[in-house]
Amino acid sequence: MLDVVGFALTPDDIRRIQHNLTGGVILFARNFQDRVQLMMLTAAIRAARPDILIAVDHEGGRVQRFKTDGFTRLPAMRVLGELWDRDVLDATKVATAVGFVLASELRACGIDLSFTPVLDLDFGGSSVIGDRAFHRDPRVVTLLAKSLSHGLKLAGMANCGKHFPGHGFVAGDSHLSIPLDQRSLQQIMDEDVKPYDWLGMSLSAVMPAHVIYPKVDKHSAGFSKKWLTILRDEIGFNGVIFSDDLSMAAASSAGTVLDGAKAALRAGCDVVMICNSPDKADELLAGLPVATSAASQASAARRASLMPQTKALDWGALQENAEYTNARKLTVAHVPA
């Protein structure tokens, strides 16, 4: 999965998208001018590669790529956790509404997947996670994530839990450094991993953390055969595993970008992601082999399952849809001024 440079596709963007190793495109705020432009961009991506998955990090709060020209401002997930502490049932209702609004608006613009929900626990010390997390209690995280995911599903969108096994305990930002979490395997399994276990079959995809847990493995989770085997075999997760962005500073623990991609695929990732580095994307496309094994065919089937199975409402029809307008009212009512 790679990104594109700007508001419209360049010839180099099209070349990369049409490469047989490219399975997805991730969009950023720099790719958004207004809704019409965004829909033209996603249509152009689809024209270049009809079967491609178009994704975005669109969680709510400070991680929301599109915020203007009709897009609803979504609350940070901590807001839903705080609501849970006041009214459990109201919190689950609002979480479903947020998921429905998030997915409906993205799908109306030609986007298939948002990398959400964040399943990290809010230990209070992580600046990069912070209010992106629902709550400190893994039980609350699980139930709010399940409600949010139900809203996504009602709008025809899959989900992606992140950042396995947990990024909430460490203070370091993996975009800038290599965070180390010195806790034991048992401590992490008893708390951070619980949402992945409890959500079970309702998780479509998972993204591992660019965090090293030295008492478990010397490799960060996305490059760790041990961690991804725990995810597959002990937890029983059968969906898609995305690497986090290989251009992040923490990914350098595996060596070059190509080294990192190979390590992530060997460890068990289905998709490796490279963002903000077109030259490194070219390096991956040139340097990775095309796999033809039975395992790679199973991986392809998992990836295909993330594509929406229902037709999306266009933006105009969405504004007339009663489920959407009611969900939007609920969502807007819980966005802090």
* To do: Kindly determine whether Tyr196 and Phe164 satisfy ring pair (Phe, Tyr, Trp, His ring centres under 6.0 Å), including the steps that lead there.
  => CA-CA 8 Å; Tyr196 297 90; Phe164 178 82; 5.1 Å; yes

* Asked: What's the verdict on ring pair (Phe, Tyr, Trp, His ring centres under 6.0 Å) for Trp315 and Tyr324, showing C-alpha distance, side-chain angles and the deciding distance?
  -> CA-CA 11 Å; Trp315 194 271; Tyr324 167 76; 7.1 Å; no

* Apply the test side chain to side chain contact (heavy atoms under 4.5 Å, CB included) to residues Phe7 and Phe32: give CA-CA distance (whole Å), side-chain angles for both, the deciding distance (0.1 Å), then the verdict. => CA-CA 6 Å; Phe7 297 143; Phe32 177 75; 5.6 Å; no

* **Step-by-step salt bridge (Lys or Arg N to Asp or Glu O under 4.0 Å) determination, Lys194 to Asp137** => CA-CA 10 Å; Lys194 286 298 186 185; Asp137 188 332; over 6 Å; no

* Asked: Can you check salt bridge (Lys or Arg N to Asp or Glu O under 4.0 Å) on Lys280 and Asp245, steps first, answer last?
  -> CA-CA 12 Å; Lys280 292 179 180 177; Asp245 178 13; over 6 Å; no

* Starting from the C-alpha separation in whole Å, work towards a yes-or-no answer on ring pair (Phe, Tyr, Trp, His ring centres under 6.0 Å) for Phe134 and Trp84. => CA-CA 9 Å; Phe134 288 105; Trp84 174 284; 9.8 Å; no

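The line from CD1 of Ile230 to CG of Asp197 is 12.0 Å long, rounded to the nearest 0.5 Å. To the nearest 0.5 Å, atoms NZ (Lys93) and CG (Asp87) are separated by 10.0 Å. The OG1 atom of Thr96 lies 7.5 Å from the CG atom of Leu154; values are rounded to the nearest 0.5 Å. The distance from atom CG of Leu246 to atom OG1 of Thr256, rounded to the nearest 0.5 Å, is 9.5 Å. For the atom pair CG (Leu228) and OG (Ser243), the distance works out to 10.5 Å, reported to the nearest 0.5 Å. Expressed to the nearest 0.5 Å, how far CG of Asp192 lies from NE2 of His163 amounts to 13.0 Å.
Between Lys262 and Asp259 there is no salt bridge, since no side-chain N of the basic residue sits under 4.0 Å from a carboxylate O of the acidic one. Salt bridge Arg30/Asp3: present, at least one basic N to carboxylate O contact under 4.0 Å. For the pair Asp282 and Arg16, the salt-bridge criterion is met [side-chain N within less than 4.0 Å of a carboxylate O]. Taking a cutoff of 4.0 Å between a charged side-chain nitrogen and a carboxylate oxygen, Arg65 and Glu59 do not qualify as a salt bridge. Ion pairing between a basic and an acidic side chain is recognised when a charged N comes within 4.0 Å of a carboxylate O; Asp270 and Arg302 show such pairing. The pair Arg132-Asp120 does not meet the salt-bridge criterion, since no charged nitrogen lies less than 4.0 angstrom from a carboxylate oxygen. Look at Arg46 and Asp112 and you find a salt bridge, because one of the NZ, NE, NH1 or NH2 atoms lies within 4.0 Å of a carboxylate O, short of that distance. Salt bridge status for Glu323 with Arg328: absent, with no side-chain N to carboxylate O gap under 4.0 Å.
Apart from Met307 itself, the hydrophobic cluster it occupies contains Met1, Ile26, Phe28, Leu53, Leu113, Phe115, Met207, Val240, Phe242, Val271, Met273, Leu306, where clustering links Ile, Leu, Val, Met, Phe, Trp and Tyr at side-chain heavy-atom distances under 4.5 Å.
Below 30°, between 30° and 60°, or above 60°: for His58 and Phe66 the angle between ring planes is between 30° and 60°, a tilted geometry. Classification of the Phe223-His210 ring pair by plane angle, with boundaries at 30° and 60°, yields tilted.
Follow the hydrophobic side-chain contacts under 4.5 Å out from Leu203 and you reach Met189 in the same cluster. When the side chains of ILVMFWY residues are joined at heavy-atom separations under 4.5 Å, either directly or via intervening members, Val140 and Phe123 end up in a single hydrophobic cluster. Linking Ile, Leu, Val, Met, Phe, Trp and Tyr whenever their side-chain heavy atoms come within less than 4.5 Å puts Val170 and Val193 in one cluster. In terms of hydrophobic clustering, with Ile, Leu, Val, Met, Phe, Trp and Tyr side chains grouped at heavy-atom distances under 4.5 Å, Leu106 and Met39 are assigned to different clusters.
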